[in-house]
Every structure is written in structure tokens, then in C-alpha cells.
K.L.:
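This structure is in C-alpha cells; I'll ask about it shortly.
Order of the sequence lines fixes the chain letters, A, B, ..., with proteins taken first and strands second; residue numbering starts at 1 for each chain.
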Amino acid sequence: MKCMHILCIGGLLFSGLSMTAAQTDGGFDHRKTRVLEVAAGESEYNLMTVLAKLRTGRDVDRAYVMLDSMARDRAMGGMFFAYSMIGLYLHTRDVLPESLQTKIREAFRLRTMYRGDTENHWVMYYTGMYLAAQTWPGEAGDRWFNGRNSTENFTEARGWLDQWMQTTVTIGQGEFDSPTYMVVYLCPMLLLAEFAADPAMKTRAGMMVDLLMADFAAEHLAGNYGGGHSRDYPDDIVNPLAAPSTMWAWLYFGQPELEQWNEARYRPRHRGSWETVFAAVSSYRLPDVIRTIATDRAKPYVHREKKRVRNIIRYGDVKNPPVYKYTYMTRDYVLGSIQGGILQPIQQHTWDVTFAAQRTHNTVFSLHPFASGRELAMFFPEEEKFLAGEVDRYHLVYTNPGKWNSSSPYEQTFQHRNALIVLYDIPGNVRQQHANGFFPRTLDERVVDGSGWVFARWADAYVGVFPLSPAVWIDEDACWRWRSTTGRTGWVVEVSSASETGSFGAFQAGLRARMPDTTGFFRDRTVRFTTAGGDVMMFTFNGERKLNGKVQTFDGYPLYDGPWMRAAAGEGVITLTDGTRTRVLDFRNGSVREY
Amino acid sequence: MRTLLVFLVMTACASPAPAGDVPRTGGAQRLHAAVFLVRGSVAGAQKGSFGPFVREADTTWRRLSISNLYTFGFGEFRGRERRRLYVAAGNGLHRSDDDGRTWRIITGWQTMEVLGVLPDPADSARILIATPWGVYRTEDDGRSWEACMTGFRSWYVRSLTRDREDPERVFAVAEDDIYATTDRGGSWRGLKVSRDPVLAFFQHPGDPRTLMAGCEDGGIRRSTDGGRTWHDAACPARSSIYAFGGPADGRTLYAAGWQTGIWRSTDGGAVWAQVWQDPAIEGVFCFLVDPADAGHVFAGTDGNGVYESRDHGRTWSFAGLRGGKIKHLFLYP
């Protein structure tokens, strides 16, 4: 019999809730101790390593020197600094010398904490300002860099955070499912859950941590963040376990069974991963139901999510068009996609199949390496002629024809369970006329078959790719790059495993017997494919997606739908379940129910 | 060595500055520059120094903000009792009541970046701002703001300009057109300037009925009837034009944009010719003409700082803020 217990309405009970909900820690305490130990031993100058030193009592004098330097360095500022500095302060003020406490306070007077131009920037900035204004209440405007008094800063920050949470739980995140940037949503929410004095904010922030982690968990496979992502870096796209998300999976889910900092092949190449220190010092504990969502892969499942495009300021009719995610998960692989088009500038990752394995480059995917000032001008206020060059100077790869991340208006997908059709129709006047595909050299087998299929095997997982146009293969260090320059091209993809299909040979034979119907592709951009399950997919670029003759629309697409998560768009109520335990995050009234 | 640091300006002759509710009696004005960014810097990973700057010597500038600030433009109010300097910036609209020594942000989270500011010269409590989400208005000195988008067909508004002839009329450069209002932003009417996106607006200093618009890959559009009809100006190319400038008499006008070099017109903007180009300078965002010397012109570039010419634009030299993306040049005491 299900027995519903209302565990908490209001933040005063939130910490009690976390302890109740997380009945077992799954080794979390050991891993968080390891994070703190190792981070405390780092010489890297950042606020997270300082926090680790101060919390473990290791190398404290050095930590004070580092902190003093960073607190005085006026070149440091902005949203990353704002939230992490106040977070460090709140976690360590009982051991900080008065002089350092004063310098940290002064940093909020003497530096411009830049608010930024992306969703994660604003979350960090307003979290920093919320907690700083709460920590130093009643101070006049001349005590703050922006001339606003403590009350004004607090009120503004609360207003933005409230609307961000409301937007996220009703129409989805704009910077959704980023293996890199998820970190800078989690850390601010962990800090608010820990230190917000307002019970309502404290509770909602904790619920946001639950939601962000559950959102990750449902698409998590053995440390990998599978499927389509809003923002991803090329090194992480081709080598998924190198992403910062991996350390969070390890810390909270216990997978993968490796310490990322010890693995040269996965060592994070940029900031972010030591931010797990904020998780390690937090009293937040992951509810067991979320850990189960992340690790129970006994049965394959389809998981759907609705997200939103980040704010479109130009060249669009809708501020935040919807993003439709579709993910198919098994114990051996995950195949996931978003519908295609420009859903995020610069760093979109539209689809992939990712294998469950602790080897490098465990993924296959394709893309059109699109770049245009017009795309950037949709999202950034600068003149479009300058944007591509400026972004290229920082992100280094934006205009590179070989890049591995990109949105493209000329790419569209249709996925049904373990099969996906991705189509490209690249006009002749577009800067990049080719599509690229990534086949890792770490595959156990790759067969370019005379039938037209390309077969790949990764342990017990199999992939069949049917390219829709001629292409060349380019040998590179990490991959065989598939490149087609026909403009109109695409792949039909089917993924399977030994447990689903039997031998690799049987898998190949099955696909040879089910050749995609491409007769209409160059006429009307239509492809038809019958899946292993007997379902008939028909997909027309800029046209209909049909399954067994029935048009598939995105009408009524849920915010979350699958065996683990359910939520209707627009309601603000997210249900997490592992079949035996259910946790309901009700953002309408800021409550959590478990039964 | 050139040592001109300060312009002595007579009453109401600085073209970007509103008139104020009391006639100016003169005073020293200094060149200010809105440095949006330094080349190679992006949000979250800052390099160099940027923000609102004031020129202190030939190529020496002093930043007015306490640290880096993404700065798009300036505005001012000059009244009987006080004057105010405004900075439109990434963090919001900044106001200084002490000539840039201290600042206060007077917008909230709803307005995102503030790309342009237009204070009402008759009432310091009334301000219009241009943002990626449109025009916002305050009539209570920034305590509250409301969106003023009735009549717009797009969101993005990059700049606001007051009509020299009719101070009640304000022009807004939006994504798709130039819009005008005569009721303090209550409603707007598109001027149907071009099929190309519009980037810049300019009103002839000597002939307020002559308007010009810079367009994306469309060169310059021109109206001689106050905006009722528009025609292509004769340009060296259909380039993207970001900037216009000219002295009070309007005899020589300047225009520039993306990879255009400096264009000049001596017939009120009907015909333009390139007078100077440095291939290292990809773009020019703004001009300012010395009110005391019509041949002394400043240009704010994209990533190359400020340049100046003392011969009506024929030759140019570096004037500081190396690497800076200069969005606005402005005179203020």
C-alpha cells in the first residue's frame, strides 16, 4: 500500500528531508572525502581548492595566502567569482581571519560583478548577490559595487531566481543538459539550499538540485551524459567521460568507477570539475530514488524531455521555441537526440550514441559544422558581422570546418527507440557544404559493408549507419571521420546489443535485410526505414515524421516522460519514481512529497 | 605632441548631448568612450580593461567604473540643479550624480543588457532605454520601468535618438526598421526604411528633415522628407553601416561600418565616397566631431580603439584604448 508522507513544506524541514530521503549514501561519504582530500592537495589557484584546504585543515596557511591574493585581485570578478566567493565565505567564515573576511566583503564593493549574457551567468550572479545581500543586510548603496543597498540587491536577486526556477520547471531550461555547464547550476543551487535564510528559497533550491540531478540521471549511463545537449565542448563530445559531468556522476551516482583526476585520458581540461568541492561540503544528500534512476539499467526505456531554446533576441518570432528531446537507454548504450535546427548557438550537440564503457571516445554521431554571424546575432546583442570572429577567438573552433559541435538549420532528426534518421539539406550558399561523422578508433570493429551499411561494434553494443550519400573516410588520431560534400545527405542509424540481437553477425544480417528506402530522398528529401521492431519510420526534411503511417507531432510533448520522471509542461510538478519510491517536486507550493 | 584634451564648448553645440532645461553657458567637455569589450575577451573570461572611459591625455584614458563593465553608450541630463551622466551597460543602466565618481544601477533584472539610453532633457525622472527586449521607460527616476513596445514588429532595439527639430519625437533603431514615437514611447510607428535590417540612424545636423539609416549589407538609405519616403544613397558599396557623424553645419558627413574604411559626403548624404581605409581596422562603430573644430573627427573602432583625424577625415591616427571595441563617443564635462 502506498503511504504518502508529506515530508516538508518549508525550508526549516528541508535538511531533515534530505537526510530522510537519502537512506543510503551509496559510498557518497567516501567519495566526498576523496574529493576534499585531493582538491586540498592541489596547488591550482581557485576558490574551490582553497575551500577544500580550509575545510580539511590541510595547508591552511597556503589557503589563506591564495585567498588573500584572489580577494585582492581586481582582475577577478564577474558571476563565477560572485557566487563562489560568497560560497567559500559562508562555508569557512568560522575559520577565516578577520582581515580576509573584510577583504571578501570589500570585493562586493570594489569590483563589478558582471551579470553576464547566458542563463548560467545569471544563475551564478544572482545567487551570489542573493547570498551576499543576505549576509550583509542593511548596508547602504555605497557599500555595494552597483550603488544599490542590501535590500535592493536582495530583492532583485530573489526576483530573478524565482522567475528562473518557475521557467525551468514549467517550460524547461534554455541551457539544458550541458555536461559542462550543469556544474554552474548545481553549485549555486547547493549554496542556496545550504545558506538561504528564507525557508521558501532554501526548499526550492534544494528541489532544484533534485531536479537537475534527476534530469541528468535519466540520461546517464555509466558516467556518461548521453544524447543531445545544448552546450558541449568538442573534447567532451568525442570523449564523453572527460566532461565535468563525469565527476558529478562519480560523486553522486558512484559511476564510473574511476577517479577522473587520476586518469590522464579523462582529466578535465578546463575549469569546473573541482566545483564538486561545493557538493562535498554541502549537507545536501541525493535522494535514493535519483541514484536508482541513474544506475538501474535492467530494462531499456524511452525518456522524453521538453526544453527551450535560449532567449532569441533577433531574427525570430518566438522568444523561447521548444526543444524536444528523445532518449533511448539500455545497459550497453544510449541513443539520444533533439529535433535539430538552431536550438542553441555555438555548442549544440544534436545527437549521439554513447557506449557504456570506460574507454575513450565511446561515441558515434554526425553534424553539419554550421557557422554564421546571423545565428549568433539571434542570441547576442553585438553586430552580427563581428560576432563570428569574436566567438572564434574564444571558443577557437566556431568557424572550423572540422568542428565537432554545432547547431545547424540544415540538420533534422527523427528518433524512434533505438533507431534514428538524421537528414541534412545544405544549400549551396552556406559556408560549410559538408556533413561530418565521428567513428572512434577505439571501436572493436568497423565494417564498411558493400550493402551500403557501416557497422560498428563496441564490446556488446552494435551500431549500423546507412549514409544517404557518397562520402570519404579521413583517418584522424581519434576517429575515422566520415565526410560527405553532397549537401543533401544523412544517416539512418540503428543501435543494438548482444542481449537484444545476438551476435554482431546477426545484427549485420538483420540490417542488410532491411535496407532503408532512399528512392525519394533526392527527389523530395524523404527516407523510409523499417526498424528491427517492425516499426516503419518515414521522415521528410522540413516535412512530416511518420511512424507506421501516423504523423508524429510534438503537440502535447511533456516536460518529462518516461519510467523515471513525469511532468506535464506548464504545471511545475515533477514526479520522480523508481517503481517503489516516488518523490514529487511540487514547485507550485514549494513542497516535496515522498511515498 | 598633441595636447588637446579638453573642448571648450559653447551653448548646446555637442550633437549627442540633449539640450537640458536650462541653456548651457559653456564649460569644459571631455571626450568619453564606451568600451564594450577588448578584442579577445568574452563574457566570463575577461581580458584587458573595458568600461566607460574619459580621455586624460593624447592616448591616455581613465576608466570611470571601478572595474570592467560591458559598456554600450552614454547619456546625460543637464538641469538647473544638477547634471547626471548615464552609462548603458551589460549590468543595466548606471547613473552618476557626481560626474562619474560613483554609480548606481537603476534598472532591474527584467531589462537585461541596456544598449542605449535617452534621458528626457526636460525631466530627469523620465528616461527611455533600448534593450534586446525592446524599449523600456521610467517616469519615476528608475524606481519602476515599463516596456513600451506598442507598434514594434520586433524586439531588439539598439539605440534611441531625439529629433533635433521636435524634441517630443524619438527615433528607435530596431531589428527590422526605424520606429518613431511622439508620446514618450507610448506608441511607435515604423518608418519602413529598408528591407534590410537597420543598424544606425542619423539626422542631418543642419537639415533636420534629412534622415539617414545604415543597413545590414544595404549601405545607406536616406530620406529628405522627415522619414516619409526613403531612397538609396549613392555609396561605394552595399556595406553594413554602423556609424554616422558630422559637424553642426552638416557640410561634411561621415559614415562607416564593416570593412568600409571612412566614407564622406559633402552633399548632405546623397553621395558618399571612401576617403580613408586601414585594412587592420575591420569596423567603425561611432563618430564624434569636435564642436569647436569641424575638421577634428574621432572614430570608435571595433577592436582598434579610438582614432582621430584633424583634416576632415583624410588621414587618421591612433588616439588610445588599444584593442577596445568602442561603441559610443560622447562629450561630457
K.L.:
Between the main-chain N or O of B/Met112 and the side-chain N or O of A/Arg115, is there a donor-acceptor pair closer than 3.5 Å?
P.N.:
yes
K.L.:
Select one option (side chain, backbone, both, neither) describing which atoms of B/Arg158 are under 4.5 Å from chain A's heavy atoms.
P.N.:
side chain
K.L.:
Can you tell which part of B/Thr107 gets under 4.5 Å to a heavy atom of chain A, answering side chain, backbone, both or neither?
P.N.:
backbone
K.L.:
Identify which part of B/Thr102 has an atom lying under 4.5 Å from any heavy atom of chain A, answering side chain, backbone, both or neither.
P.N.:
neither
K.L.:
How close do B/Pro197 and A/Arg374 get, counting heavy atoms only, and between which atoms?
P.N.:
CG-NH2, 4.2 Å
K.L.:
Go through A/Arg148, A/Arg111, A/Met124 and name the one with the most non-hydrogen pairs under 4.5 angstrom from chain B.
P.N.:
A/Arg148
K.L.:
Could you tell me which portion of A/Tyr315 (side chain, backbone, both or neither) has an atom closer than 4.5 angstrom to a non-hydrogen atom of chain B?
P.N.:
both
K.L.:
Report yes if some heavy atom in the side chain of A/Lys385 is under 4.5 Å from a heavy atom in the side chain of B/Gln259; otherwise report no.
P.N.:
no
K.L.:
Between atom CZ of A/Phe145 and atom CD1 of B/Ile66, what is the distance when rounded to the nearest 0.5 Å?
P.N.:
7.5 Å
K.L.:
Pick whichever of B/Glu113, B/His94, B/Glu216 has the most heavy-atom pairs under 4.5 Å with chain A.
P.N.:
B/Glu216
K.L.:
With side chains defined as the heavy atoms from C-beta onward, is the minimum distance between B/Asn91 and A/Thr112 less than 4.5 Å?
P.N.:
yes
K.L.:
Measuring heavy-atom distances to chain A, does B/Ile105 have an atom under 4.5 Å in its side chain, in its backbone, in both, or in neither?
P.N.:
both
K.L.:
Given the side-chain rings of B/Phe36 and A/Phe386, with only the six-membered ring counted for Trp, is the space between their centroids under 6.0 Å?
P.N.:
no
K.L.:
Can you tell which of B/Trp103, B/Phe285, B/Trp258 has the highest number of heavy-atom pairs within less than 4.5 Å of chain A?
P.N.:
B/Trp258
K.L.:
Check A/Asn311 against B/Trp133 and note the closest heavy-atom contact, atom names and distance.
P.N.:
CB-CZ2, 3.3 Å
K.L.:
Are A/Glu383 and B/Lys327 ion-paired here, with the side-chain N under 4.0 Å from a carboxylate O?
P.N.:
yes
K.L.:
So for A/Trp122, is it side chain, backbone, both, or neither that comes closer than 4.5 Å to the heavy atoms of chain B?
P.N.:
side chain
K.L.:
Locate the shortest heavy-atom distance separating A/Gly159 from B/Trp109; write the atom from each residue and the value.
P.N.:
C-NE1, 3.5 Å
K.L.:
How close do B/Pro132 and A/Ile313 get, counting heavy atoms only, and between which atoms?
P.N.:
CB-CG2, 3.6 Å
K.L.:
If you take all heavy atoms of B/Tyr156 and A/Pro381, which pair is closest and at what distance?
P.N.:
OH-O, 2.6 Å
K.L.:
Return yes when atom CG of B/Asp140 has more than 12 non-hydrogen atoms of other residues, nucleotides or ligands closer than 6.0 Å, and no otherwise.
P.N.:
yes
K.L.:
A/Asp117 versus B/Tyr70: any side-chain heavy-atom pair under 4.5 Å?
P.N.:
no
K.L.:
For atom CZ of B/Arg153, decide whether the heavy atoms of other residues, nucleotides or ligands shown that lie under 6.0 angstrom number more than 12.
P.N.:
yes
